[in-house]
Novice: 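Quick one: this structure, given as structure tokens, is what I'll be asking you about.
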2 protein chains.
Amino acid sequence: MNIQAVCERYHISQDTLRYYEKAGVIPAVSRTKGGKRDYREEDLKWVENAICMRNAGLSIEMLAEYVRLFQEGNDTFSQRRDLLIDAREQIQKQKEEIEETLSLLDYKISRYEEAVKTGVLTWDEKHPR
Amino acid sequence: MNIQAVCERYHISQDTLRYYEKAGVIPAVSRTKGGKRDYREEDLKWVENAICMRNAGLSIEMLAEYVRLFQEGNDTFSQRRDLLIDAREQIQKQKEEIEETLSLLDYKISRYEEAVKTGVLTWDEKHPR
DNA sequence: ATAAAATCTGGAGCTTGCTCCAAGTCAATA
DNA sequence: TATTGACTTGGAGCAAGCTCCAGATTTTAT
């Protein structure tokens, strides 16, 4: 599968795909004899993984470190586990920040729905701005 | 309340506080007659709000737009409501990405816990990398 | 065989969101 | 009153994560 097909499938630019490879976020992709990238099943799995983790907000650096450990072989299981636990903690915390903000937004939106109707914006004192 | 006390209370730098004000993420802060910032109750509410929204991942630009509408007065209720709904949708989506990644991470971590014990790393084919 | 389209590489450039710095002002203390 | 320390501003600098570009190579279509 050529790079164009991959970037269409995942709605990601060619530049970003090449950048991910150069940055080590995915291992070196298979090539045709002409030197063009030829994404195999395995490569696509790595691309999906990178997109998923990046969408959740994990850093390029962290993903590259995982790939580095992966390529180092079976002596790095515990380091990889620790890295993944670290990643989980990071995004779990982010999820909590989001939940807090969501509930605040829900409150504010309800106040604005009312304000749009009545022409008056009111805040319950128990709530922050 | 002076700027130092505020940044200590919220674990945020003086530079960031001044930047938020300059960027319009919070309205202009009250001043002493000497020209120093003097954060009143109202100012602190805005600071808290900015920190909460930024932590959830909302952009400086979006927060500044809200403040702009706020300062424009009561004719902007519906625009502010729409902006907040937009914000909610953004971070709701982000929360979903995180949840997807969390469940993938949980699976991978469990595989690595096992790998660390047994020396062998296995993937269930139903799961992605 | 040749033109056009796709891909390659290395490196420069861009955007966001801070972060740091210099030079000046204000305030409290010795 | 002099000095020290906190605060001010405008602007430069920085890190992350792309994004764009130029010039070369490969592939496809005519």
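Throughout, protein chains are lettered first and strands after them, A, B, ... in sequence-line order, and every chain is numbered starting at 1. Owing to the predicted nature of the structure, the values given are computational and were not obtained by experimental measurement.
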Novice: Excluding sequence neighbours, so at least two apart, what forms side-chain hydrogen bond (donor to acceptor under 3.5 Å, both in side chains) with Gln4(B)?
Specialist: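 With sequence neighbours excluded, Gln4(B) shows a side-chain hydrogen bond (donor to acceptor under 3.5 Å, both in side chains) to no residue whatsoever.
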Novice: Summarise protein proximity over nucleotides 2-17 of chain C in one line of letters, 5' to 3': B for base, S for sugar-phosphate only, - for none, counting protein heavy atoms closer than 4.0 Å.
Specialist: ----BSSBBB-----B
Novice: Taking side chain to side chain contact (heavy atoms under 4.5 Å, CB included) as the test, write out the residues that go with Thr101(B), two or more places apart.
Specialist: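 Side chain to side chain contact (heavy atoms under 4.5 Å, CB included) list for Thr101(B), sorted by chain: Cys52(A), Met53(A), Ala56(A), Ile91(A), Leu105(B).
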Novice: The criterion is side chain to side chain contact (heavy atoms under 4.5 Å, CB included); which residues satisfy it with Arg111(B), sequence neighbours excluded?
Specialist: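 So Arg111(B) forms a side chain to side chain contact (heavy atoms under 4.5 Å, CB included) with Tyr107(B), Glu114(B), Leu121(B), Thr122(B), Trp123(B).
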Novice: Who passes salt bridge (Lys or Arg N to Asp or Glu O under 4.0 Å) against Lys36(A), sequence neighbours left out?
Specialist: none
Novice: Using the heavy-atom set of chain A and a strict 4.0 Å cut-off, write down the first and last nucleotide of DNA chain D that makes it in, 5' to 3'.
Specialist: dG17(D) to dT27(D)
Novice: In chain order, what residues pass the salt bridge (Lys or Arg N to Asp or Glu O under 4.0 Å) check against Glu100(B), with sequence neighbours excluded?
Specialist: none
Novice: Would Lys108(A) pass as a cation-pi partner of Tyr66(B), given that its NZ or CZ must be under 6.0 Å from the six-membered ring centre and within 45 degrees of the axis?
Specialist: yes
Novice: With sequence neighbours left out, which residue pairs that include part of residues 79-91 of chain A fulfil the side chain to side chain donor-acceptor pair (under 3.5 Å) condition?
Specialist: Thr76(A)-Arg80(A), Arg80(A)-Tyr112(B), Arg88(A)-Asp106(B)
Novice: Suppose we screen for side-chain hydrogen bond (donor to acceptor under 3.5 Å, both in side chains). Which residues come up paired with Tyr10(A), at least two apart in sequence or across chains?
Specialist: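 Testing Tyr10(A) for side-chain hydrogen bond (donor to acceptor under 3.5 Å, both in side chains), a comparison that skips the adjacent residues, returns Glu48(A).
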Novice: Donor-acceptor pairs under 3.5 angstrom involving side-chain atoms of residues 21-30 of chain A: please list them, not counting sequence neighbours.
Specialist:
residue, atom, partner, partner atom, Å
Glu21(A), OE1, Arg37(A), NE, 2.6
Glu21(A), OE2, Val29(A), N, 2.9
Ser30(A), OG, Asp43(A), OD2, 2.9

Novice: Check salt bridge (Lys or Arg N to Asp or Glu O under 4.0 Å) between Glu96(B) and all other residues, then give those that pass, not counting sequence neighbours.
Specialist: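 By the salt bridge (Lys or Arg N to Asp or Glu O under 4.0 Å) rule, Glu96(B) matches no residue at all.
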Novice: Convert the base pairs of DNA chain C into dot-bracket notation, remembering that pairs crossing earlier ones are written with [ ] and that bases paired across to another strand are shown as |; include only Watson-Crick or G-U pairs under 3.5 Å.
Specialist: ||||||||||||||||||||||||||||||
